[in-house]
Every structure is written in C-alpha cells, then in structure tokens.
Amino acid sequence: MCCSGFLKIMMFIFNGAIFVAGAAILGVGVWVKVDSGSLLGLLDSVEDAPSGLSQLIYVSYLLIGVGAVLLVIGFLGCCGAVRESRCMLLTFFCIVLIIFLIEVAGAVVLLVFQGLAKQVMEHLEGEVITSIQKDYGRSESLTSLWNTTMTQFKCCGYKNYTDFNDSPFYNDHGGNVYPPTCCNATITVGVCNQSGATLSMMDGCFTKLLELIEDNAVIVAAVVLGIAALEIAAMVVSMVLYKQIGTKA
C-alpha cells in the first residue's frame with residue numbers, strides 16, 4: 001500500500017515536470033513562429049532554395065504540437081494514477097513512448113543540422129544575392145521583407161552591404177545609397193552611403209541566422225534529452241502501477 005502511494009506521488013512529480021516542460025516547449029514554439037518568421041520568410045523569395053531548408057519554417061509548428069501533446073499526457077498520467085485506470089496508464093505509456101522517440105530524433109537532427117548549416121548557407125549565397133540585386137527596391141513584398149528582417153536582426157544583406165550594389169534601390173538613389181540598417185547610427189549621420197556602410201561593417205543576415213542556430217542547437221538538444229530522461233522515468237513508474245493495478249484486479 002505504501003509502495004503504491006509512493007508510486008502515485010512519483011507519477012504526480014514526473015507528470016508535473018512533463019506538464020511544465022510541455023508549456024515551455026509550447027512557449028518556445030510560439031516564440032520561434034513570431035520572432036523568426038520574417039527571416040525564414042526570405043526563403044520564399046529564393047527560387048532555387050533547397051527544399052530541406054524550407055522545412056525550417058515548420059519547426060515552430062512541430063514545437064507547438066509537441067508542447068501541446070506533453071500538456072495532454074501530463075494531465076492523462078495524473079488522472080490514470082488517481083483513478084487507477086489501466087487503460088489510461090497504458091495510453092499514457094504509449095503516447096510518452098512515441099513522443100520520446102520523436103524528441104530523440106529531433107535532438108539528433110538539430111545536432112546534425114549544425115554541420116549542414118554552413119553548406120546550405122554557401123549553396124544559397126548566389127541565389128539570394130541575385131534576388132536582392134534584381135528585386136530589392138522594385139518588388140514591394142521582397143523589399144518590405146528584407147527591411148523588416150534587417151531591422152529586427154540588426155544585419156545588412158545576405159553577407160554585407162555590397163549585396164545591394166546594382167539593385168533597383170541602389171540605382172534609383174544615384175548609385176551610392178544603401179538601406180539605413182547597413183549603417184551604424186552611432187557612426188553614420190544622414191544617408192547611408194558606401195563610406196558609412198564600410199565603417200559600420202554590419203553582419204549579413206544569414207550570418208546572424210547561422211549564429212542563432214549554432215548558439216541554440218546544443219542547448220535545445222540538451223533540454224529535449226533532459227525531458228526524454230523524465231519521460232523514461234514516467235514510463236517505468238506507469239508500467240509498475242499498471243501491473244500493480246492488474247494484480248489487485
């Protein structure tokens with residue numbers, strides 16, 4: 001009886017942790033969707049962008065989905081323990097096992113993507129720069145998208161300010177004017193010209209994206225693996241309770 005009560009308490013602890021983790025993942029998913037949407041949206045303007053990279057847009061939806069499911073299974077595990085329902089405990093175990101496998105696979109993909117990110121960036125360079133030089137200042141949607149991205153991430157062009165050379169924006173302004181974000185406000189006063197952009201040395205936007213991925217991939221993978229460890233413990237406890245309830249019956 002004492003053992004059964006202890007296991008129920010453990011189920012509450014494990015499922016409480018899973019519930020909180022689910023809320024955290026859900027929050028990160030919403031943040032990725034809201035905060036990174038403009039930068040990832042630039043991929044839509046590149047005709048030859050690798051199809052694999054375009055799937056990054058759906059990472060936020062995956063995180064939101066996983067977070068929501070974790071919230072559900074946290075609640076399901078607690079109810080199964082309180083009501084001593086073998087059906088609910090078995091359902092809980094199966095769902096947690098599936099999520100566990102998905103999270104491990106996702107962590108591996110994040111770690112692998114670190115190595116692929118630079119290769120993808122090099123592949124995109126020519127297409128993105130061509131897109132800028134062809135349509136920046138002419139296409140309202142592309143111009144607005146780049147302006148929003150550069151303002152949000154404090155970056156300039158794909159690699160640097162020279163990506164805007166020969167663009168409609170550049171030519172329409174006399175051949176020596178760059179977007180304001182290509183110049184540091186503390187260095188340049190007024191119009192952002194070549195000398196101001198050279199002195200400012202603003203990073204390219206895809207360099208910023210690469211840094212963001214590299215800085216956070218290991219952290220995200222570690223968090224996911226930590227959650228996976230909690231899920232293993234929860235699965236073990238749920239199966240012990242499942243067998244004990246079956247013995248009572």
Side-chain angles (χ1 to χ4, degrees), residues 1-36 40 52-53 55-117 212-249:
M1 195 69 179
C2 292
C3 182
S4 177
F6 174 75
L7 290 175
K8 287 183 180 181
I9 293 174
M10 292 300 293
M11 279 294 286
F12 273 109
I13 294 174
F14 288 134
N15 284 285
I18 290 174
F19 187 90
V20 171
I25 292 177
L26 183 63
V28 171
V30 172
W31 173 79
V32 170
K33 173 61 180 175
V34 173
D35 197 50
S36 302
L40 294 175
L53 186 60
Q55 300 306 310
L56 283 174
I57 298 173
Y58 301 103
V59 169
S60 60
Y61 297 113
L62 175 62
L63 292 174
I64 291 172
V66 170
V69 172
L70 288 176
L71 289 174
V72 172
I73 63 176
F75 176 77
L76 185 62
C78 289
C79 288
V82 171
R83 298 182 58 184
E84 295 189 348
S85 170
R86 298 191 80 200
C87 179
M88 293 183 72
L89 288 172
L90 183 60
T91 303
F92 167 82
F93 176 85
C94 293
I95 295 176
V96 173
L97 178 61
I98 293 171
I99 296 298
F100 167 75
L101 296 175
I102 292 174
E103 288 173 347
V104 171
V108 172
V109 169
L110 281 173
L111 292 174
V112 171
F113 184 75
Q114 273 191 288
L116 295 177
L212 180 66
I213 293 171
E214 291 180 339
D215 290 344
N216 292 283
V218 175
I219 296 174
V220 172
V223 170
V224 170
L225 290 175
I227 294 170
L230 289 173
E231 291 170 344
I232 291 174
M235 285 189 287
V236 171
V237 174
S238 67
M239 280 296 95
V240 173
L241 277 176
Y242 178 85
K243 291 183 178 180
Q244 284 191 353
I245 294 170
T247 302
K248 289 180 183 179

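In this structure, Leu26 and Leu63 have side chains that are not in contact, with every pair of non-hydrogen atoms separated by 4.5 Å or more. Residues Leu89 and Met239 have side chains not in contact (no heavy-atom distance under 4.5 Å, counting atoms from C-beta outward).
Rounding to the nearest 0.5 Å places CZ of Phe93 at 10.5 Å from CD1 of Ile98. Separation of atoms SG (Cys87) and OH (Tyr242) is listed at 9.0 Å; rounding is to 0.5 Å.
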side-chain contact (heavy atoms from CB on, under 4.5 Å) between Leu241 and Arg86, intermediate numbers included = CA-CA 8 Å; Leu241 277 176; Arg86 298 191 80 200; over 6 Å; no
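Residues meeting the side-chain contact (heavy atoms from CB on, under 4.5 Å) test with Ile95, sequence neighbours left out: Val69, Ile73, Leu76, Thr91, Ile99.
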